[in-house]
Amino acid sequence: MTSPRKILVTAALPYANGPIHIGHLVEYIQTDIWVRFQKLMGNRCIFIWADDTHGTAIMISAKKAGVSEEEFIARMNEEHQRDFGTFQIAYDNYGSTNSSENRELCGRIWSALRQAGLIVEKDVSQLYDTVAGTFLADRFVKGNCPKCNAPDQYGDNCDKCGSTYTPADLKNPYSTLTKTTPEIRSAKHLFVELEKLHPFLEQWTQSGEHLQTEVANYLKGHFLGEPLRDWDVSRPAPYFGFEISDSPGNYWYVWFDAPIGYMASLEQWCQKTGEKFNDWWPQRIDAESAGVEIHHFIGKDITYFHTLFWPGMLHAAKFKLPTRVHIHGFLTVGGEKMSKSKGTFVKAETYAKHLDVSALRYYFASKLGPRLDDLDLNPGEFIDKVNSDLVGKVVNIASRCTKFVQASGLSANYPEDGGLFTAGVAAGKEIATAYEGCDYARAMRLIMELAASANVYIDGKEPWKIAKDPARAQEVQDACTVGLNLFRQIAVYLSPVLPKLAEQAGALLNEPIAHWKQSQHPLVGTKVAPFSHMMKRLELKDFEAMIEESKESGVGFQPAQAEGTGDRGQGTDSGDALTAEPLVTDLISIDDFTKVDLRVARVINAEEVPEAKKLLKLTLGLGGDVKRQVFAGIKAAYKPADLVGRLVIVVANLQPRQMKFGLSEGMVTACGPGGEEVFLLSLDEGAKPGMRVH
RNA sequence: GGCGGGGUAGCUCAGUUGGUUAGAGCAACGGCUUCAUAAGCCGUGUGUCGGCGGUUCAAGUCCGCCCCCCGCUACCA
């Protein structure tokens with residue numbers, strides 16, 4: 001027997017700006033299963049995390065809700081924990097990044113970074129909303145892209161042309177908070193010179209021990225191949241967060257204090273339990289002797305915070321580094337990204353109202369591997385898999401055996417079972433290895449094989465037949481003793497995924513399931529409680545009802561990223577388009593308008609640009625011999641053949657632009673959000689190429 | 001274009017260090033059973049293992065080239 005491992009586990013901190021949804025649950029369930037598995041194995045494992053509560057978005061949401069930030073995040077914390085309870089996520093402490101413990105730890109790590117000479121000051125020009133009295137984070141500024149002039153682009157990059165820039169570069173910027181034009185203000189920001197840690201990060205990320213290989217390669221290719229940029233870790237007031245002790249008026253950026261929140265939560269847990277912080281998150285020099293492991297579970301979207309910044313901070317502050325960062329992919333529903341308008345953005349609360357929590361836990365487990373693949377929640381597969389595996393195979397074992405041993409209980413000695421139980425013990429080793437390596441899909445496959453052979457066994461014994469012959473009572477009891485022991489063994493193996501089933505199995509056989517070891521020895525001579533249903537079959541209509549409800553309620557107060565698919569109903573048109581692209585408030589004169597030379601043109605030729613993802617190459621005729629070559633980003637929406645011959649409206653005096661694929665001499669006018677939803681302007685009968693639009 | 005991940009039965013995927021006629025689950029079809037939540041059991045697959053070439057006694061499994069899909073990233077309207 002090896003001595004128990006000491007393992008500290010975290011999941012990414014949910015942002016206190018909205019409710020928990022099924023996408024979050026992939027990670028929390030993944031983490032919970034791993035933690036439950038470790039505890040079941042007898043290891044000392046603690047799961048500590050918290051709400052992530054700071055930043056501009058929280059300020060704005062609180063303002064909208066008409067309450068203080070503190071009150072807002074307190075409500076969220078309560079709501080989040082309620083959802084975790086519903087989904088049987090069992091953690092040891094759930095804190096908040098807005099805690100005194102966190103403030104203190106931020107200060108400690110900050111001083112260490114200062115001492116290490118990693119902090120520099122630089123002036124940063126940022127847009128300031130004079131009405132709201134706040135600097136605007138990138139996502140709260142929109143305007144025209146400085147490169148392609150596409151309207152209503154966020155402050156960090158253009159989703160039309162993909163170019164990146166700073167909010168101050170935007171043309172015609174406006175604040176999404178007040179719709180007013182922000183002004184540029186310069187403020188002092190503090191930066192971490194990450195490049196100084198480059199050699200360390202290179203070594204840590206590439207050692208092969210801490211990260212999945214895909215992740216290590218990704219970092220190598222995207223960040224570590226060139227000098228690391230300084231990381232801006234401060235925000236000027238007003239900002240909901242912690243003021244930096246040695247830099248009044250500046251606050252730590254939310255991504256600085258969030259991971260430190262892991263430590264703060266640990267500190268709270270230590271206070272609660274009397275444990276010592278240093279035993280669980282030691283200074284790096286002590287790490288070996290303490291023998292503790294630190295595991296972070298996160299989604300691939302926040303990879304670089306956890307694999308570059310965070311290790312960098314810990315290294316500089318001389319804390320123990322994560323043993324491993326486990327990164328998972330995103331959840332899709334029916335093969336598509338979750339979407340509010342399609343109702344696939346399902347809140348945890350809504351799911352639980354319609355469907356069984358155990359079903360989701362099992363389904364996710366059956367789909368989760370050790371890699372970063374996205375995971376699809378396919379309605380049909382979900383229903384089939386859960387019904388046939390859990391109800392049809394696993395629970396059925398208990399269901400078909402129980403009543404024959406209701407009176408007698410289990411046999412006093414474990415009967416000959418053809419080696420089934422022993423085979424189950426052997427499989428347990430593989431199952432444990434799979435859990436340990438986060439390959440739950442494999443673990444579930446192995447367990448279902450056991451369930452299948454248990455059913456075959458019972459089928460062969462036919463206890464319902466021999467029960468009719470009183471002389472064969474012992475045979476009946478023995479067959480069911482085997483069946484129920486196989487069921488119990490499976491319940492132990494499944495217990496990290498299905499704690500409720502394990503509880504029910506424990507109650508059925510009068511011995512609570514608490515340790516993996518219980519799967520290694522059969523249970524004999526005990527009473528058997530009356531059988532009661534352990535799990536209900538799922539029905540597609542419940543899934544559909546859940547989707548329907550999710551359509552109606554949306555998902556809380558995040559700024560809607562309207563995904564309107566148009567043509568909804570008759571009567572009044574929805575305001576989605578205006579929400580997505582608000583009216584421009586800057587007025588222009590007629591002269592401004594006439595500067596734009598809009599012309600009718602005929603598409604003479606249209607062809608694919610094979611190397612381009614979005615572009616079509618158009619040859620436009622303006623009448624006579626006047627032709628223009630224009631590249632238009634409409635590839636996803638139009639086929640070249642359908643365009644030839646039709647009339648379009650073109651900006652004829654746009655500065656020509658040299659593109660990778662050739663010179664673009666104008667711009668074809670169109671509307672819509674982009675991608676497949678692009679709609680060219682068309683003309684009524686009678687319009688001729690060359691005519692000017694007035 | 002770069003990086004990463006894939007391409008195996010209708011669908012979702014396993015295939016460990018290359019080794020006998022390539023597997024599982026689900027779905028489908030046929031039969032048996034009716035203890036069990038219309039549950040269970042048995043049987044049924046002529047799949048070019050994306051393509052081509054190579055190494056080898058032997059390749060889904062190694063090497064090279066190519067094609068396609070996904071993600072990130074770059075260029076770009």
Side-chain angles (χ1 to χ4, degrees), chain A residues 145 147-150 158-164 212-223 225 300-301 303-304 329-330 332 335 337 363 366-367 369 371-376 378 380-404 430 433 439 441-442 444-446 448-449 451-468 476 479-480 483 531-538 609 611-618 630-635 651 654 657-662 664 666-668 670 674 678:
Chain A
C145 168
K147 283 207 175 168
C148 72
N149 210 35
C158 172
D159 65 13
K160 286 286 190 301
C161 73
S163 55
T164 56
Q212 288 127 303
T213 49
E214 311 89 292
V215 177
N217 290 338
Y218 162 76
L219 295 172
K220 192 171 190 171
H222 290 288
F223 298 99
K300 63 184 181 184
D301 52 328
T303 295
Y304 91 150
F330 296 143
T332 56
K337 280 186 186 169
Y363 184 78
S366 78
K367 289 274 181 178
R371 288 194 301 209
L372 290 77
D373 302 325
D374 286 351
L375 181 164
D376 188 44
N378 179 283
E381 193 194 342
F382 172 62
I383 306 281
D384 285 345
K385 194 174 193 69
V386 170
N387 286 346
S388 95
D389 287 0
L390 296 186
V391 182
K393 284 204 176 70
V394 175
V395 171
N396 190 230
I397 300 167
S399 170
R400 64 196 309 203
C401 288
T402 302
K403 91 175 189 192
F404 301 107
E430 279 183 81
T433 304
D439 196 349
R442 178 171 160 76
M444 296 307 106
R445 269 199 309 279
L446 292 166
M448 286 312 134
E449 280 176 27
S453 52
N455 273 307
V456 173
Y457 170 85
I458 296 162
D459 224 65
K461 289 289 175 187
E462 299 186 304
W464 52 93
K465 274 191 183 162
I466 47 182
K468 288 172 185 160
V476 175
C480 293
F531 182 79
S532 56
H533 274 204
M534 296 180 176
M535 198 170 286
K536 220 175 73 190
R537 301 178 76 76
L538 302 179
V609 183
E611 316 92 283
K613 284 182 184 168
K614 299 178 184 172
L615 300 182
L616 291 182
K617 181 173 159 186
L618 306 179
V630 171
F631 288 89
I634 57 173
K635 187 171 182 171
V651 182
L654 193 67
R657 185 172 191 94
Q658 184 59 49
M659 299 174 61
K660 186 172 168 186
F661 318 106
S664 188
M667 183 171 140
V668 173
V678 171

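These figures come from a predicted structure and were not determined experimentally. Lettering follows sequence order; numbering is per chain, from 1.
Comparing B:rG5, B:rG25, B:rG40 against the side chain of A:Asp389 picks out B:rG25 as the nearest. Of all nucleotides listed (B:rA36, B:rC26, B:rU37), B:rA36 comes nearest to the side chain of A:Ser399. The side chain of A:Trp464 lies closest to B:rU34 when the candidates are B:rU34, B:rU37, B:rG4. The listed nucleotides are B:rC72, B:rG5, B:rG40; the one nearest the side chain of A:Arg400 is B:rG40. Between B:rU37, B:rC41, B:rU12, one nucleotide has an atom nearer to the side chain of A:Asp459 than all others, and that is B:rC41. For A:Lys465, whose side chain is taken as the heavy atoms from C-beta onward, the closest listed nucleotide among B:rU34, B:rG5, B:rU12 is B:rU34.
When the P atom of B:rC41 is taken as reference, atom NZ of A:Lys393 falls 7 Å away, rounded to whole Å. Between the P atom of B:rG71 and the CG atom of A:Leu375 lies a distance of 16 Å, rounded to the nearest Å. Rounding to whole angstrom units, CG of residue A:Asn217 and C1' of B:rG2 are separated by 13 Å. Separating the CG atom of A:Asp376 from the C1' atom of B:rG6 is a distance of 15 Å, rounded to the nearest angstrom. The CD atom of A:Glu449 sits 15 Å away from the C1' atom of B:rC26 (whole-angstrom rounding). The separation between A:Glu462 atom CD and B:rC42 atom C1' is 13 Å, rounded to whole Å. Look at NZ on A:Lys385: it is 11 Å from P on B:rG25, rounded to the nearest Å. What separates CG of A:Asn387 from P of B:rU37 is a distance of 15 Å, to the nearest Å.
To the nearest whole angstrom, the two C1' atoms, one in B:rU21 and one in B:rU37, are 41 Å apart. Comparing the P positions of B:rC49 and B:rA28 gives an interatomic distance of 28 Å, to the nearest angstrom. Spacing of C1' atoms, B:rU44 relative to B:rG5, comes out at 36 Å, to the nearest Å. Here, B:rC70 and B:rA24 have their P atoms 31 Å apart, quoted to the whole Å. For the C1' atoms, the distance from B:rG19 to B:rG60 is 13 Å, rounded to whole Å. The separation of B:rU16 from B:rG31, taken at their P atoms, amounts to 39 Å, rounded to a whole angstrom. Remark: the separation of the C1' atoms in B:rG2 and B:rC11 is 34 Å, to the nearest Å. Taking atom C1' in both B:rG15 and B:rA9, the straight-line distance is 14 Å, to the nearest Å.
Between A:Arg445 and B:rG15 there is no side-chain N or O to OP1 or OP2 distance below 4.0 Å. Checking the phosphate oxygens (OP1, OP2) of B:rU37, no side-chain nitrogen or oxygen of A:Lys403 falls inside 4.0 Å. Taking side-chain N and O atoms only, A:Arg537 has a distance below 4.0 Å to OP1 or OP2 of B:rA39.
Side chain of A:Thr303 to backbone of A:Lys300: a donor-acceptor contact under 3.5 angstrom is found.
Within a 6.0 Å radius of NZ in A:Lys536, other residues, nucleotides and ligands contribute 12 heavy atoms or fewer.
Among the heavy atoms of the strands, none lies under 4.0 Å from A:Phe330. Contact annotation for A:Asn396: base contact, defined as any heavy-atom pair under 4.0 Å involving a base atom. Within 4.0 Å of A:Val456, counting heavy atoms only, lie sugar-phosphate atoms of the nucleic acid but no base atom. Contact annotation for A:Val395: base contact, defined as any heavy-atom pair under 4.0 Å involving a base atom. Residue-level contact check: A:Met448 touches neither bases nor backbone, having no heavy atom under 4.0 Å from any strand.
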Would you sketch RNA chain B in dot-bracket for me? Only Watson-Crick or G-U wobble pairs with both distances under 3.5 Å count, crossing pairs as [ ], other-strand pairs as |, the rest as dots. (((((((..((((.....[...)))).(((((.......))))).....(((((..]....))))))))))))....

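Comparing A:Lys367 and A:Pro463 against RNA chain B, the residue whose closest nucleotide sits nearer the 5' end is A:Lys367. Heavy-atom nearest nucleotides on RNA chain B were determined for A:Lys468 and for A:Ala452, and the one closer to the 5' end corresponds to A:Lys468.
By the 4.5 Å heavy-atom criterion applied to side chains, A:Tyr363 and A:Asp389 are not counted as neighbours. Residues A:Arg537 and A:Ile383 form no side-chain contact, since every pair of their non-hydrogen atoms from C-beta on lies 4.5 Å or further apart. At a threshold of 4.5 Å between non-hydrogen side-chain atoms, the residues A:Arg442 and A:Thr433 do not count as touching. Annotation: side chain of A:Leu390 is not in contact with side chain of A:Met534 (no heavy-atom distance under 4.5 Å).
A salt bridge links A:Glu381 with A:Lys367: the distance from a Lys NZ or Arg NE/NH1/NH2 to an Asp or Glu carboxylate oxygen falls below 4.0 Å. We find that A:Asp459 and A:Arg400 are joined by a salt bridge, their nearest charged nitrogen and carboxylate oxygen being less than 4.0 Å apart.
Rounded to the nearest 0.5 angstrom, A:Phe330 CZ and A:Asp373 CG are separated by 12.5 Å.
At least one test fails for A:Lys403 against the ring of A:Phe531: distance under 6.0 Å to the centre or angle within 45° of the axis.
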